[in-house]
2 protein chains.
Amino acid sequence: MPLGRRKQLILQAIIEDYIKTAEPVGSRTVSKKYLTNVSPATIRNEMADLEEMGYIEQPHTSAGRVPSDKGYRLYVDELMDKRTVNKQEHEFIRKEFMEVVGEIDMLIKHASRILSAMTNYASIAMAPQFKRTSLKHLQLIKVDSYNILAVIVTDAGIIKNSIFRTETDIEDGVLEKINKILNHKLVGLSIEELVNMDISQLEVGAGPIGEYEQVFSKVLPELLQALRYSERVEIFSDGAANLLDLPEYNDVQKAKNFLNVLNESELLYDILNDVSNNISITIGKENKIHQLKDCSLITATYSYNGKIIGSIGVLGPTRMKYSKVISIVDCLTKNLSDILTKIVKS
Amino acid sequence: MPLGRRKQLILQAIIEDYIKTAEPVGSRTVSKKYLTNVSPATIRNEMADLEEMGYIEQPHTSAGRVPSDKGYRLYVDELMDKRTVNKQEHEFIRKEFMEVVGEIDMLIKHASRILSAMTNYASIAMAPQFKRTSLKHLQLIKVDSYNILAVIVTDAGIIKNSIFRTETDIEDGVLEKINKILNHKLVGLSIEELVNMDISQLEVGAGPIGEYEQVFSKVLPELLQALRYSERVEIFSDGAANLLDLPEYNDVQKAKNFLNVLNESELLYDILNDVSNNISITIGKENKIHQLKDCSLITATYSYNGKIIGSIGVLGPTRMKYSKVISIVDCLTKNLSDILTKIVKS
DNA sequence: TGTTAGCACTCTAAATCATTGAGTGCTAAT
DNA sequence: ATTAGCACTCAATGATTTAGAGTGCTAACA
């Protein structure tokens with residue numbers, strides 16, 4: 001049953017007023033501020049219908065109405081005005097990204113900070129997923145007689161290091177050769193392929209490898225181990241304190257719940273990892289994590305060279321400024337993708 | 001004026017009871033639970049004295065007494081029973097450290113997590129300060145025609161990477177030579193020395209350098225830049241949510257203040273950086289950061305090969321379980337130092 | 001002289017109660 | 001179909017009371 005036009009307007013009014021004020025919205029308010037040519041009584045009737053349909057709820061008999069998750073969902077999908085970032089916001093994002101230097105993880109961390117600063121909600125971000133990138137350069141370095149450092153460079157400028165021991169003192173020249181061979185064989189493969197690779201397949205390869213087989217059989221497993229270990233991805237979050245300003249978190253217990261989630265990298269990883277669409281919006285109980293049943297989450301992916309390598313998002317109350325947040329998240333991830341792609345190309 | 005013995009006992013009783021309960025302590029309580037052979041009236045007299053001397057305070061006329069910062073200070077310095085970690089705790093720390101793998105920063109992060117889990121307060125930690133370590137190995141790697149990756153390995157297994165561009169396509173052989181020269185000249189120097197080094201001094205050095213001067217003059221500044229940039233040290237914190245369980249943070253505003261401090265890496269860096277003694281205890285208003293005037297901070301340094309390279313600490317209310325926390329922080333940093341030293345040697 | 005019992009006094013926290021007002025649902029009139 | 005009118009509900013607010021924990025002081029005591 002498609003909602004009548006007036007019902008839509010009333011629902012929209014209720015949601016937008018509630019987003020602003022966090023107070024239940026009464027018929028009088030709607031009539032005065034939003035639908036000035038309709039009387040409160042009429043609106044009351046409509047509201048009763050909307051409640052019956054499950055779009056709004058009443059905290060108690062003598063209070064106004066509050067949007068339900070279903071209401072927010074309709075709002076986001078159909079009712080809301082979809083805005084884009086304004087000039088100042090766009091400029092702000094651009095500027096903030098200008099002054100970033102250093103490792104790529106720091107760039108993501110910074111992006112997270114920007115996001116929480118601009119939205120006044122909490123933000124979470126996942127550093128580029130190593131496994132989604134592909135090998136660009138690999139180098140084994142002899143740090144001292146018994147320690148070898150593997151340096152792995154992939155797409156998007158991600159660099160990983162791993163130190164491991166060997167019992168035998170490998171000659172510089174040999175390592176040099178091994179480096180050449182490995183790079184020749186492996187560069188261009190995705191890390192995911194590498195990790196699942198059958199080592200033996202490589203070992204029985206063509207000519208020159210056999211010569212160093214001993215060293216290989218020592219070094220390769222360690223290298224794969226390092227690769228596997230690096231699959232773990234850093235998770236950042238920022239702006240948790242912002243939420244304490246919101247009336248819904250006046251209850252310290254709720255705030256604590258929330259903070260606990262933000263500290264569980266595993267959980268956040270799960271949240272950020274199952275993002276497939278470009279922008280994903282999760283409202284209240286739609287959330288898999290039950291601790292977040294009063295929260296909404298807006299995430300978006302960022303990519304390198306058109307390939308999705310990570311995601312970043314905003315976590316706030318269901319009473320969220322959806323339109324604003326969506327536009328900001330969208331703009332931010334686009335900028336982020338651009339920068340990532342540029343950094344490496346330029 | 002040295003406090004009389006009985007006054008000491010009373011002060012100790014008040015502090016320990018207050019640490020447990022967070023409720024002002026009355027004369028009756030002290031008489032009943034701690035000094036059973038002294039009447040409440042007598043204790044009242046003593047308490048009036050203690051208050052005059054500034055060791056305790058009265059929230060309001062008809063309440064019990066609460067320790068002042070000065071009182072806690074005396075308690076920590078002279079009154080408190082100095083305990084050490086018990087077997088379970090010791091075992092717990094040992095075990096937790098066993099299963100750590102991966103980068104050194106992760107080790108510190110994990111240490112921070114252990115600390116907050118064991119104490120139920122918030123913990124902060126500083127990753128090893130790059131500048132306090134010395135160069136072990138340096139390698140420039142050609143990633144592709146125009147990008148060079150500098151890998152810097154120092155003491156305690158710290159590894160830093162930096163990618164930079166060159167306009168000229170440097171030959172592999174040349175880079176190889178430069179690596180040799182740089183390592184020969186620079187290995188063993190502390191990063192601090194390196195950073196403050198006069199480049200020209202190196203450039204006009206003996207024989208073989210001249211040959212590659214052009215390349216050198218391109219590469220060295222970038223390298224120094226990378227070193228300087230790496231001086232920034234990662235700061236971790238954990239367990240902030242623990243504090244929300246404490247009655248003193250029932251006030252959301254206070255909690256927010258606190259969280260904000262924990263998000264300001266700069267502030268935390270300052271806090272952790274000015275640690276000179278092995279263990280340092282800062283109580284309430286002794287703290288330089290005014291936002292922490294209701295908190296106590298216990299920090300300790302950890303070291304590699306006897307050289308201090310970082311520190312880690314616990315942040316909680318002034319009503320902190322000093323003895324317990326001190327023993328845990330002490331044990332943890334000792335273990336950490338051991339492990340750091342072992343990792344690299346073994 | 002140090003200690004203690006007794007007592008009046010203070011002040012917060014909790015409980016109780018009345019009041020206010022925002023908002024509703026229903027009915028009847030338009 | 002819309003709206004004015006009205007009785008009703010219920011949370012929030014504030015005033016008032018009560019209870020009790022704790023103090024300081026005085027006077028008695030060892």
Side-chain angles (χ1 to χ4, degrees), chain A residues 1 3-11 13-18 20-68 71 247-248 250-251, chain B residues 1-11 13-15 17-18 20-68 71 247-248 250-251:
Chain A
M1 20 97 208
L3 235 43
R5 180 71 190 140
R6 192 169 61 192
K7 282 198 174 57
Q8 287 185 8
L9 287 175
I10 292 176
L11 180 55
I14 291 174
I15 291 181
E16 290 181 357
D17 202 77
Y18 187 70
K20 269 210 203 86
T21 65
E23 297 289 335
V25 187
S27 54
R28 225 178 95 89
T29 311
V30 174
S31 163
K32 255 194 174 167
K33 296 210 294 185
Y34 300 89
L35 297 168
T36 38
N37 48 355
V38 186
S39 82
T42 311
I43 291 174
R44 274 203 290 283
N45 288 328
E46 300 280 48
M47 277 161 79
D49 292 349
L50 284 169
E51 179 162 10
E52 207 174 341
M53 290 186 260
Y55 294 113
I56 54 179
E57 287 161 359
Q58 221 173 353
H60 56 264
T61 338
S62 74
R65 302 307 212 289
V66 160
S68 68
E248 30 267 278
N250 266 346
D251 178 8
Chain B
M1 20 90 206
L3 235 43
R5 180 71 189 141
R6 192 168 61 193
K7 282 197 174 59
Q8 287 185 6
L9 288 175
I10 292 175
L11 180 56
I14 292 174
I15 291 180
D17 202 78
Y18 187 70
K20 269 208 204 86
T21 65
E23 297 289 335
V25 186
S27 54
R28 225 177 96 88
T29 311
V30 175
S31 163
K32 255 194 174 167
K33 295 210 294 186
Y34 300 89
L35 297 170
T36 38
N37 47 356
V38 186
S39 83
T42 311
I43 290 173
R44 272 204 290 283
N45 288 328
E46 300 280 48
M47 276 162 80
D49 292 348
L50 282 168
E51 179 163 10
E52 207 174 341
M53 290 185 263
Y55 293 113
I56 53 180
E57 288 162 358
Q58 222 172 351
H60 56 263
T61 340
S62 74
R65 300 309 211 287
V66 159
S68 67
E248 29 267 278
N250 267 347
D251 178 9

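Letters A, B, ... are given to chains in the order of the sequence lines, protein chains preceding strands, and every chain is numbered from 1. Heavy atoms only: backbone and side chains are in, while hydrogens, waters and symmetry mates are out.
Atom CG of A/N45 is separated from atom P of D/dT3 by 10 Å (rounded to the nearest Å). Nucleotide D/dA21 holds its P atom 17 Å from the CZ atom of B/R65, rounded to whole Å. Here D/dA4 presents its P atom at 10 Å from CZ of A/R44, a figure rounded to the nearest Å. Per the geometry, CD1 belonging to A/I43 stands 17 Å off P belonging to D/dA1, to the nearest Å.
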Where do N or O atoms of nucleotides 8-12 of chain D meet protein N or O atoms at under 3.5 Å, pair by pair?
| unit_1 | atom_1 | unit_2 | atom_2 | d |
| --- | --- | --- | --- | --- |
| D/dC10 | OP1 | A/T61 | OG1 | 3.4 |
| D/dC10 | O4' | A/S62 | OG | 3.3 |
| D/dC10 | O2 | A/S62 | OG | 3.2 |

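For A/V30 against A/A13, the heavy-atom pair with the smallest separation is CG1-CB, 4.1 Å. Minimum interatomic distance between B/G71 and B/L11 (heavy atoms only, all atoms of both residues): O-CD2, 4.5 Å. A/P40 and A/S31 make their closest contact through CD-OG, 3.6 Å (heavy atoms, listed as atom of the first residue, atom of the second, distance). Looking at every heavy atom in both residues, B/E248 comes nearest to B/A22 through OE2-CB, 4.3 Å.
In summary, of the residues considered (B/I14, B/I15, B/I56), a side chain to side chain contact (heavy atoms under 4.5 Å, CB included) with B/V25 occurs for B/I14 alone. Here the rule is side chain to side chain contact (heavy atoms under 4.5 Å, CB included) with A/L3, and of A/R6, A/K7, A/R5 only A/K7 fits it.
Identified under the salt bridge (charged side-chain N to carboxylate O under 4.0 Å, His left out) test for residues 20-42 of chain B, with sequence neighbours left out: B/D17-B/K33.
Heavy-atom contacts of chain B under 4.0 Å fall on DNA chain C between two terminal nucleotides, which in 5' to 3' order are C/dT3 to C/dT12.
Although no hydrogens or angles enter the test, the distance criterion places a donor-acceptor pair under 3.5 Å between the side chain of A/S68 and the main chain of A/G54.
Considering only side-chain N and O atoms, A/T42 lies nowhere under 4.0 angstrom from the phosphate OP1 or OP2 of D/dT2.
Across all strands shown, A/A63 has heavy atoms under 4.0 Å from sugar-phosphate atoms exclusively, and none from any base.
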